[in-house]
Amino acid sequence: MPTRSAGFQINCSAFLDAVGKPIGDLPKFARNKDILVALYSAMVKTRTFDSKAIALQRTGQLGTYASSLGQEAIGVGVASAMTDDDVFVPSFREHGAQLWRGVSLEELFLYWGGDERGNDFAKSRQDFPVCIPVASQFPHAAGVALAKVQKGDPGAAVVVAGDGATSKGDFYEAMNVVGAWNLPVVFVINNNQWAISVPREGQTAAKTLAQKAIACGIPGEQVDGNDVIAVQAIISRALTRARAGKGGMLIECLSYRLGDHTTADDASRYREDAEVSAHWQLEPLIRLRNHLVATHGWTKEDEQLLLRTCKKEVEAATDTYLATAPEPARAMFDTLFAKAPADVAALFEEVGNG
Amino acid sequence: MPTRSAGFQINCSAFLDAVGKPIGDLPKFARNKDILVALYSAMVKTRTFDSKAIALQRTGQLGTYASSLGQEAIGVGVASAMTDDDVFVPSFREHGAQLWRGVSLEELFLYWGGDERGNDFAKSRQDFPVCIPVASQFPHAAGVALAKVQKGDPGAAVVVAGDGATSKGDFYEAMNVVGAWNLPVVFVINNNQWAISVPREGQTAAKTLAQKAIACGIPGEQVDGNDVIAVQAIISRALTRARAGKGGMLIECLSYRLGDHTTADDASRYREDAEVSAHWQLEPLIRLRNHLVATHGWTKEDEQLLLRTCKKEVEAATDTYLATAPEPARAMFDTLFAKAPADVAALFEEVGNG
Amino acid sequence: MAELTMIEAIRTALSRAMEEDPDVIIFGEDVGIDGGVFRATDGLFQHFGSSRVRDTPLSEALIAGMAVGAAAHGLRPVAEIQFSGFIYPTLDQLANHASRLRNRTRGRLTCPMVLRAPYGGGIKAPEHHSESIEAMLAHIPGLRVVIPSTPARAYGLLLAAIRDPDPVVFLEPKRLYRSTSEAVEDTGEALPLDKAFVLQEGTDLTIVAWGAMIKGATEATLQLAESGISVDLIDLATLKPIDRATIRASVEKTGRCVIVHEAPLTAGLGAEISADLAEHCLTSLLAPIKRVAGYDTVMPYLRLEAHYMPDTAHIIDAARNVMEFS
Amino acid sequence: MAELTMIEAIRTALSRAMEEDPDVIIFGEDVGIDGGVFRATDGLFQHFGSSRVRDTPLSEALIAGMAVGAAAHGLRPVAEIQFSGFIYPTLDQLANHASRLRNRTRGRLTCPMVLRAPYGGGIKAPEHHSESIEAMLAHIPGLRVVIPSTPARAYGLLLAAIRDPDPVVFLEPKRLYRSTSEAVEDTGEALPLDKAFVLQEGTDLTIVAWGAMIKGATEATLQLAESGISVDLIDLATLKPIDRATIRASVEKTGRCVIVHEAPLTAGLGAEISADLAEHCLTSLLAPIKRVAGYDTVMPYLRLEAHYMPDTAHIIDAARNVMEFS
Ligand SMILES: Cc1ncc(C[n+]2csc(CCOP(=O)(O)OP(=O)(O)O)c2C)c(N)n1
Ligand SMILES: Cc1ncc(C[n+]2csc(CCOP(=O)(O)OP(=O)(O)O)c2C)c(N)n1
Ligand SMILES: [Mg+2]
Ligand SMILES: [Mg+2]
């Protein structure tokens with residue numbers, strides 16, 4: 001005789017439709033032009049950085065690079081909801097968030113150019129660097145949140161990873177402890193529908209990724225990840241909850257990877273152009289620009305100026321990056337330990353080329 | 001504007017209440033006295049084995065042992081729903097299931113006595129041996145099911161682990177691929193409310209463990225794990241589904257660990273006697289005996305005879321076990337590889353005591 | 001006879017193994033329609049279908065554990081880990097299950113699986129993509145560990161690994177995937193999994209190397225020959241079991257030994273070879289045994305990567321050093 | 001001065017570290033009210049409360065990864081893995097994160113964490129409970145690996161590990177947890193994390209051992225003394241970094257060396273020590289270097305366990321063998 005033990009529901013939110021028309025009332029912050037322009041500018045800057053990074057890689061001046069094309073609203077939406085008290089724990093595709101947090105263009109170029117100094121951010125020094133082993137950053141976020149709770153520090157940890165990352169045990173284990181210990185962590189999934197060549201359906205039979213939160217007893221929601229307003233709004237809500245001691249939350253941001261997985265990938269091997277073209281209609285910049293034009297008098301000149309400014313900044317950063325000499329070989333030992341053991345110090349001389 | 005993406009519900013089933021009174025109609029098989037007596041006898045045999053194993057350990061004649069006291073309905077209910085086509089992938093606490101599958105008492109004693117031959121079952125040779133690293137057997141079940149699908153073999157994999165095991169990534173990763181690939185695996189959780197000293201609530205904020213299936217897009221249900229009829233019924237249903245190509249399912253069996261975690265544990269350090277006593281009222285043998293007495297004329301003599309038979313079998317197996325000489329030291333190499341590399345063969349002589 | 005690169009040779013071996021045994025299946029991340037990020041499985045999905053060439057969810061621990069279950073029940077899974085830096089989550093299954101299943105069931109269940117992974121540096125890959133972890137794997141009893149250094153050896157050793165009744169970790173030096181090609185005939189002939197390859201016989205000095213380091217070691221051998229030093233060059237190839245007999249015999253002849261690997265020095269596999277010689281060939285040794293290895297530090301990002309990698313010059317230095325000893 | 005067993009000494013060190021630094025917190029499975037399955041944390045939950053002594057969900061990978069995050073943000077987590085056989089899921093976090101965080105951020109973020117785990121055999125524990133995995137850990141650059149062999153050294157080394165600004169894996173020979181006790185004063189004095197302990201000075205033979213093997217090595221040393229063989233006995237204690245200088249100096253003096261460990265021979269840490277000597281002390285060597293180690297097989301279940309473990313007799317055999325060499 002079955003009785004009902006529990007029931008759950010997953011919701012999805014959005015504020016602007018694909019052409020920038022509001023769906024119902026906008027949240028208060030999104031009625032402020034300055035805020036919207038800031039969000040838009042950050043997305044444009046991210047995209048400008050992105051094309052430059054790809055160009056540099058193609059000409060052998062940068063390492064393998066993971067483009068965030070089409071997913072700028074996630075990074076920018078997430079970071080713009082955060083404060084300096086919060087700690088960002090990124091994957092490798094959230095350049096927009098890192099830039100908003102104050103990581104410089106030069107630092108990003110250095111990192112992707114294969115220079116560890118790119119991780120030694122001058123700003124947001126509490127944030128984690130890019131994480132390459134997929135999903136392994138989730139437990140770090142739980143640890144950061146634990147430290148905050150333990151030390152009475154304000155703020156929360158915000159961790160981002162992709163749809164593919166949700167298949168890894170780390171994701172689940174971290175979300176589970178966050179539920180069990182009621183830790184202030186916001187889990188953000190950049191669901192760009194692909195994990196290299198594996199489509200979202202190849203990862204899991206779950207209808208939504210948000211529902212994975214149910215397994216851990218924390219709330220999960222979906223949001224239109226191409227709507228920067230919706231992303232900021234929902235992350236703000238999740239952060240307010242977390243900061244108030246009400247625990248963690250999972251947010252699935254629905255978006256699309258418009259580019260190749262990385263510069264080492266050729267997406268035409270595994271997906272149709274038609275699919276990509278269809279998603280170009282939904283990308284996040286157009287809709288916010290449309291909205292700015294329609295509602296806040298954003299002009300062609302404003303747009304031109306923004307593009308020029310972004311370009312100039314990126315070019316200047318490129319020059320600085322390219323002019324930065326690599327570290328000396330010895331640097332590979334300098335920060336291995338607080339104090340290098342005799343063993344390591346000696347081997348450096350002994351084994352090889354010093 | 002939130003819209004609803006998905007909704008879910010978790011049910012719990014039971015057929016006999018704590019004193020053995022049917023809750024509504026019993027399934028057909030449970031109206032057959034022979035079947036019920038077989039189930040009851042298997043549970044009694046399991047419990048008889050269990051006390052003997054503890055006694056042997058206490059007198060230094062067995063290694064550390066994990067008692068299944070109070071959880072006999074899970075093992076017996078699960079195994080009795082399986083056929084020879086199915087593959088059992090156990091944890092370390094499902095002696096009842098192993099015995100039903102044809103693993104002998106001698107083999108169980110050998111295993112727990114520290115002799116690998118205890119894993120070389122004469123029957124159900126397709127089954128996996130006991131798994132000590134918690135949750136690491138879940139992916140094996142997925143692999144077994146993959147082999148079945150690939151080779152067109154009939155049957156399904158049935159994997160059992162504890163409530164604590166649900167916190168491990170392996171559990172989630174395996175359940176996720178079973179969902180994604182629609183593999184015939186029945187996941188069974190023996191929720192005995194404790195993982196050594198950590199109570200069920202310490203593992204997860206999820207209200208039920210069954211709801212963890214939602215994360216992987218497969219159905220999850222709870223069952224009264226002290227009701228062997230309910231366990232058999234629900235596992236049968238899950239197996240029928242799986243065998244029919246409808247994919248995997250998660251069954252959470254609600255029970256209680258009446259004994260210590262293992263013979264190396266002292267549960268009085270971390271839980272109240274009162275809690276344990278309360279759960280003695282719910283244990284699985286009494287209720288089925290009551291039901292047999294009330295409905296099928298089970299007599300005191302039947303009971304005595306059963307106890308005597310079980311005892312005799314267990315004593316005989318104990319004698320055989322104790323009379324079994326350990327393998328020669330060399331056995332530690334004999335089945336390491338199909339053919340030992342020169343390296344390993346030589347080292348055996350060279351390194352030590354042969 | 002076709003000239004194949006190493007990646008083509010691997011693909012040819014995979015394809016042949018799948019043709020000859022329907023129980024051979026491939027799974028891993030992006031091994032399907034994409035053909036693997038290095039294209040090791042290119043075309044196999046199209047040829048053998050989606051049930052025999054499967055893209056898994058992104059879960060390395062699962063890949064290894066599922067391989068164990070599948071291998072125990074009649075398949076011969078060849079699982080791919082995309083880069084060696086992501087192999088750590090598989091160690092639990094490799095050490096606690098794959099390597100033990102036969103032993104702990106006294107032969108009842110077995111585990112004929114292969115875990116393939118590219119390893120090593122030298123292609124300026126992102127961080128965590130260039131590790132050399134063979135020593136950790138070679139320490140696990142019950143496991144075989146293989147590293148090819150040429151297309152032909154990749155072909156023959158991979159076939160052997162797939163046909164072997166026990167678990168094999170097959171590490172591929174990705175730096176060599178496309179660097180050279182050689183004639184490889186698809187004969188279906190496997191190479192032994194317990195024999196080192198003597199690439200050149202010499203009398204003065206033994207050099208033992210494997211994987212991508214064979215390139216530098218070969219160059220060093222040629223250059224040393226010019227200065228009259230005759231090298232016995234050994235490609236270890238099967239790192240577990242180690243073909244101790246071949247190495248000992250060589251060093252008994254030459255009296256001198258240099259061991260080369262890319263992994264960090266400390267507790268690298270070079271130590272085992274050196275220790276074996278220090279026990280069994282001490283009286284033959286005319287000079288200290290030198291190891292040329294990666295530094296005991298984290299593999300640097302690409303700008304400094306070249307400074308980390310042992311190269312021909314290091315090997316020659318060590319060789320000269322050993323030769324000059326008296 | 002209190003006579004403490006090793007487990008008591010560990011508990012004393014944990015307690016002291018928590019008293020002196022509020023950022024020290026403990027988490028792991030059953031470390032709370034139960035006090036750990038070996039009682040290393042007995043009473044700490046009651047004394048320091050449930051927020052500083054936390055039972056985690058059953059997830060080793062999480063325990064390690066959460067420690068990384070917490071350590072990077074101001075805590076000094078001391079995490080426990082219940083048995084070394086369950087440490088494998090932590091390797092990803094140890095190798096890919098803990099050991100690199102300082103290096104890859106050029107010092108911006110650091111990782112002052114300790115991962116404690118009992119290791120080794122000899123107590124007839126169930127399967128997967130008796131492994132010795134120090135060599136795998138010692139191969140990871142950026143990590144420290146420590147194994148104490150007495151209560152006093154456990155106390156001093158654990159304090160040092162907790163105070164160290166970098167990640168340390170602290171492996172405890174569980175066979176020694178309660179086997180002996182000795183006077184340990186709770187002075188708060190730490191021991192160095194890069195110095196081997198010379199337990200006895202001798203002239204004929206160097207024996208290097210660690211953990212539970214020190215017991216057999218000490219007995220062997222005594223018995224060898226009776227037949228006039230004078231042993232330099234070294235407890236390695238810090239396995240990474242290895243105190244190469246102390247070992248080299250000893251072997252330069254004695255000319256003979258036996259290395260003892262419980263882990264399987266091949267690619268065990270004994271190989272590193274032997275290889276170091278074969279490179280740096282060859283001319284001092286009067287005899288082959290012998291390793292006494294576990295077999296290259298899976299640790300057997302308890303009935304055969306004793307046959308697996310290296311013991312005093314093996315060490316004496318090896319020592320005699322080395323002494324008789326000429
Ligand atoms: C643990 C691990 N396995 C494999 C890889 C190789 N890899 C890099 S990105 C990626 C796909 C990630 O997909 P997703 O999580 O959806 O993130 P996206 O790249 O789409 O942003 C893979 C398999 C990795 N970096 N880490
Ligand atoms: C991976 C792993 N970690 C830790 C242990 C030690 N251990 C053995 S049983 C157990 C608790 C298991 O709890 P649960 O899954 O609820 O199963 P139960 O013992 O209650 O049947 C622990 C922590 C282990 N065997 N494996
Ligand atoms: Mg993705
Ligand atoms: Mg339990």
Side-chain angles (χ1 to χ4, degrees), chain B residues 87 89 111 115-121 125-133 136-151 153 157 159 168-170 172-174 176-177 179-181 183 185 327 331-347 350, chain C residues 22-23 25 27 51-52 54-75 77 89 92-93 95-97 99-110 112-113 141-144 164-167 193-195 238 240-245 276 279-280:
Chain B
V87 176
V89 185
Y111 175 78
D115 189 318
E116 284 83 349
R117 286 172 297 182
N119 289 331
D120 188 14
F121 316 147
R125 290 181 64 78
Q126 75 274 30
D127 286 0
F128 269 65
V130 155
C131 181
I132 296 292
S136 61
Q137 74 270 38
F138 286 118
H140 302 165
V144 167
L146 174 62
K148 284 193 174 294
V149 168
Q150 211 71 15
K151 297 174 79 79
D153 291 345
V159 56
K168 258 197 127 243
D170 311 62
Y172 169 72
E173 292 187 358
N176 192 52
V177 79
W181 291 5
L183 297 174
V185 179
E327 294 180 290
M332 72 171 99
F333 281 96
D334 285 342
T335 52
L336 183 62
F337 291 101
K339 188 172 167 314
D343 181 281
V344 163
L347 285 171
E350 212 175 278
Chain C
D23 290 332
I25 69 159
F27 52 80
S51 81
R52 289 185 70 195
R54 285 172 177 258
D55 282 329
T56 61
L58 205 164
S59 349
E60 281 78 9
L62 171 77
I63 290 171
M66 191 160 58
V68 171
H73 275 263
L75 295 184
D92 186 35
Q93 288 291 339
N96 276 336
H97 291 295
S99 62
R100 302 182 183 225
L101 192 58
R102 179 190 291 278
N103 183 261
R104 65 193 289 267
T105 62
R106 289 296 185 253
R108 181 170 64 84
L109 295 176
T110 63
M113 65 179 267
L143 215 59
R144 288 176 189 272
D164 194 80
D166 289 305
L193 287 184
D194 54 4
K195 274 263 155 266
T238 66
K240 173 98 166 200
I242 297 177
D243 179 2
R244 295 171 193 269
D276 189 74
E279 175 162 0
H280 297 280

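Per chain, numbering begins at 1; letters A, B, ... match sequence-line order. Quick note: numbers below take in every heavy atom, side chains included, and nothing from hydrogens, waters or symmetry partners.
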Colleague: Any cation-pi pair here, Arg102(C) with Phe337(B), using under 6.0 Å and within 45°?
Modeller: no
Colleague: Check each atom of Ala61(C) against the heavy atoms of chain B and say whether the ones under 4.5 Å are side chain, backbone, both or neither.
Modeller: both
Colleague: Working to the nearest 0.5 angstrom, can you tell me the gap between Ile25(C) CD1 and Leu146(B) CG?
Modeller: 4.5 Å
Colleague: Hey, which of Ala340(B), Pro133(B), Gly169(B) has the most heavy atom pairs under 4.5 Å with chain C?
Modeller: Pro133(B)
Colleague: Heavy atoms only, distances under 4.5 angstrom: which of Ser136(B), Ala174(B), Gly118(B) has the most pairs with chain C? Name it, please.
Modeller: Ser136(B)
Colleague: Check whether Phe138(B) gets within reach of chain C through its side chain, its backbone, both or neither, counting any heavy atom under 4.5 Å.
Modeller: neither
Colleague: Within the 4.5 Å heavy-atom criterion, are Pro129(B) and Leu109(C) side-chain neighbours or not?
Modeller: yes
Colleague: Using 0.5 Å steps for rounding, measure from the CE atom of Met66(C) to the CG atom of Leu183(B).
Modeller: 7.5 Å
Colleague: Does any backbone or side-chain atom of Val185(B) lie under 4.5 Å from a heavy atom of chain C? Answer side chain, backbone, both or neither.
Modeller: neither
Colleague: Going from CZ on Phe128(B) to OG1 on Thr105(C), what distance comes out if it is rounded to the nearest 0.5 angstrom?
Modeller: 9.0 Å
Colleague: When you measure from the side chain of Arg54(C) to the backbone N and O of Trp181(B), does any donor-acceptor pair fall under 3.5 Å?
Modeller: no
Colleague: Check this for me, if you would: do Arg106(C) and Glu116(B) make a salt bridge, where the nitrogen-to-carboxylate-oxygen distance has to be below 4.0 angstrom?
Modeller: yes
Colleague: What part of Thr56(C) is in contact with chain B, defined as an atom under 4.5 angstrom from a non-hydrogen atom: side chain, backbone, both or neither?
Modeller: both
Colleague: Under 3.5 Å, is there a donor-acceptor pair between the side chain of Gln126(B) and the main chain of His73(C)?
Modeller: no
Colleague: Return the option, out of Ala245(C), Pro22(C), Gly142(C), with the maximum number of heavy-atom pairs under 4.5 Å with chain B.
Modeller: Gly142(C)
Colleague: Specify which of Asp243(C), Val68(C), Asp164(C), Ile63(C) makes the most heavy-atom pairs with chain B at under 4.5 Å.
Modeller: Val68(C)
Colleague: In terms of heavy-atom pairs under 4.5 Å, which option from Arg117(B), Lys339(B), Glu173(B) contacts chain C the most?
Modeller: Glu173(B)
Colleague: Do Arg144(C) and Pro341(B) have side chains that get closer than 4.5 Å, going by heavy atoms?
Modeller: yes
Colleague: Once rounded to the nearest 0.5 Å, what's the spacing between atom NZ of Lys151(B) and atom CG of Asp23(C)?
Modeller: 3.0 Å
Colleague: Side chain from CB out, backbone as N, CA, C, O: work out which of these in Asp120(B) comes under 4.5 Å of a heavy atom of chain C, or both, or neither.
Modeller: both
Colleague: Only counting residues at least two apart or in another chain, list the ones meeting salt bridge (Lys or Arg N to Asp or Glu O under 4.0 Å) with Asp92(C).
Modeller: none
Colleague: Considering only heavy atoms, which portion of Lys148(B) lies under 4.5 Å from any heavy atom of chain C: side chain, backbone, both, or neither?
Modeller: neither
Colleague: State, to 0.1 Å, how close Leu75(C) and Ala147(B) come at their nearest heavy-atom pair, and which atoms those are.
Modeller: CD1-CA, 3.5 Å
Colleague: Could you tell me which portion of Val87(B) (side chain, backbone, both or neither) has an atom closer than 4.5 angstrom to a non-hydrogen atom of chain C?
Modeller: side chain
Colleague: Mind listing the closest non-hydrogen atom pair of Pro139(B) and Leu62(C) along with its distance?
Modeller: CB-CD1, 4.1 Å
Colleague: Go through the structure and list residues passing side-chain contact (heavy atoms from CB on, under 4.5 Å) with Ala71(C), not counting sequence neighbours.
Modeller: Pro77(C), Cys111(C), Pro112(C), Met113(C)
Colleague: Got a second to check how far Asn103(C)'s CG is from Thr335(B)'s OG1, nearest 0.5 Å?
Modeller: 4.5 Å
Colleague: CZ of Arg100(C) to CG of Asn119(B): how many Å apart, nearest 0.5 Å?
Modeller: 12.0 Å
Colleague: Please report the closest heavy-atom contact between Asp166(C) and Ala338(B), naming both atoms and the distance.
Modeller: OD2-N, 2.7 Å
Colleague: Is a side-chain donor-acceptor pair under 3.5 Å present for Gln137(B) with His97(C)?
Modeller: no
